[in-house]
Amino acid sequence: DDDLISKLEGEWLIDRQVRGTTVQNTLSATWVLSHQFLQVHMKDTALPSRYEAIVLIGYIYASAEYVAHWTDTFGGKFSAMGKGKRVGNSIEFRFEYPNGPFFNTFTWNSDLGAWQMRLESQDTQGKRSLFALDTVQRAK
């Protein structure tokens with residue numbers, strides 16, 4: 001059991017801001033594979049759905065790192081494994097791609113009982129650019 005990532009278990013709604021546009025997604029998270037991974041299933045609410053992702057989040061005890069296996073509707077070329085360390089109530093996952101690293105930072109806000117996911121790309125000079133910002137609130 002993980003006191004931070006366990007807070008993501010359950011049913012959620014996501015407001016995703018992507019390049020000036022807001023889209024809605026659902027998120028469902030449940031423990032799988034003998035409680036070794038939290039399976040996170042995200043899907044946009046459009047009919048038919050334009051985006052869907054399945055992410056497996058686990059923990060590597062030997063290195064004290066989290067791991068995220070990201071798969072989505074962009075296919076095998078863009079599937080990736082990211083690793084991250086916990087700092088306070090945040091885990092910053094770093095994914096390596098041919099054109100540079102991509103970061104997805106999961107942050108738990110205990111006052112609001114909500115998550116924020118900040119998705120950023122990084123250029124060759126090390127400057128990050130915001131790709132998307134997700135506000136994740138418990139489904140009612």
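Quick note: numbers below take in every heavy atom, side chains included, and nothing from hydrogens, waters or symmetry partners.
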Handout entry: Any donor-acceptor N or O pair under 3.5 Å, side chains Gln39, Thr30
Key = no

Problem - Backbone of Ile14 reached by a side-chain donor or acceptor of Asn25 within 3.5 Å - result: no

Practice task
Mark yes when over 12 heavy atoms from residues, nucleotides or ligands other than Lys43 sit less than 6.0 Å from its NZ; otherwise mark no.
Solution key: no

Practice task
Tell me whether Ile54 is reachable from Met42 by hopping between hydrophobic residues (I, L, V, M, F, W, Y) whose side-chain heavy atoms are closer than 4.5 Å.
Solution key: no

Problem - Distance in Å, Phe106 CZ paired with Leu4 CG, rounded so as to fall on 0.5 Å steps - result: 10.5 Å

Completion exercise
CG (Leu33) and CG (Leu56) are apart, to the nearest 0.5 Å, by 6.5 Å

Fill in the blank from the handout: Nearest heavy-atom approach of Glu96 to Pro101 is OE1-CB, 4.1 Å

Handout entry: Lys85 NZ to Phe93 CZ distance, which is reported to the nearest 0.5 Å
Key = 12.5 Å

Handout entry: Closest approach of Ile91 to Gly84 (non-hydrogen atoms, all atoms of both residues)
Key = CG2-C, 4.2 Å

Exercise for the section: For Arg128, look at atom CZ and say whether over 12 heavy atoms of other residues, nucleotides or ligands are found less than 6.0 Å away. Expected result: yes

Exercise for the section: Kindly assign one of parallel, tilted or perpendicular to the pair Phe131 and Phe102, based on the angle between their ring planes and the thresholds 30° and 60°. Expected result: perpendicular

Exercise for the section: For the pair Ser28 (side chain) and His41 (backbone), establish whether a donor and an acceptor sit closer than 3.5 Å, ignoring hydrogens and angles. Expected result: no

Practice task
Find the distance between NZ (Lys127) and CD (Gln122) and round it off to the nearest 0.5 Å.
Solution key: 11.5 Å

Exercise for the section: For the pair Tyr51 (side chain) and Thr73 (backbone), establish whether a donor and an acceptor sit closer than 3.5 Å, ignoring hydrogens and angles. Expected result: no

Practice task
Taking side chain to side chain contact (heavy atoms under 4.5 Å, CB included) as the test, write out the residues that go with Glu9, two or more places apart.
Solution key: Trp31, Leu38

Problem - same_hphob_cluster(Phe103, Met81) at 4.5 Å side-chain heavy-atom cutoff - result: no

Handout entry: Euclidean distance, Leu119 CG relative to Leu130 CG, rounded to 0.5 Å
Key = 8.0 Å

Problem - Hydrophobic cluster identity match, Trp70 and Val40, side-chain contacts under 4.5 Å - result: yes

Completion exercise
From the list Asn109, Thr105, Leu133, side chain to side chain contact (heavy atoms under 4.5 Å, CB included) with Gln116 holds only for Leu133

Exercise for the section: Look at the side-chain heavy atoms of Ile, Leu, Val, Met, Phe, Trp and Tyr, link any pair under 4.5 Å apart, and say whether Leu13 and Val18 land in one connected group. Expected result: no

Handout entry: Common cluster, Val55/Leu8, ILVMFWY with side-chain heavy-atom separation under 4.5 Å
Key = yes

Problem - Exam field: side chain Asp44 to backbone Ala46, donor-acceptor pair closer than 3.5 Å - result: yes

Practice task
Over all heavy atoms of both residues, which pair between Ala80 and Tyr97 is shortest? Give the atoms and the distance, please.
Solution key: CB-OH, 3.5 Å

Completion exercise
What one should report as the nearest heavy-atom pair of Met117 and Asn104 is CB-OD1, 3.8 Å

Handout entry: Shortest non-hydrogen contact from Trp108 toward Ala114
Key = CE3-O, 3.4 Å

Handout entry: Arg94/Glu92 salt bridge by N-O under 4.0 Å criterion
Key = no

Fill in the blank from the handout: Between the NZ atom in Lys83 and the OH atom in Tyr66, the distance rounded to the nearest 0.5 Å is 15.0 Å

Practice task
Mind listing the closest non-hydrogen atom pair of Trp12 and Gln137 along with its distance?
Solution key: CE3-C, 3.2 Å

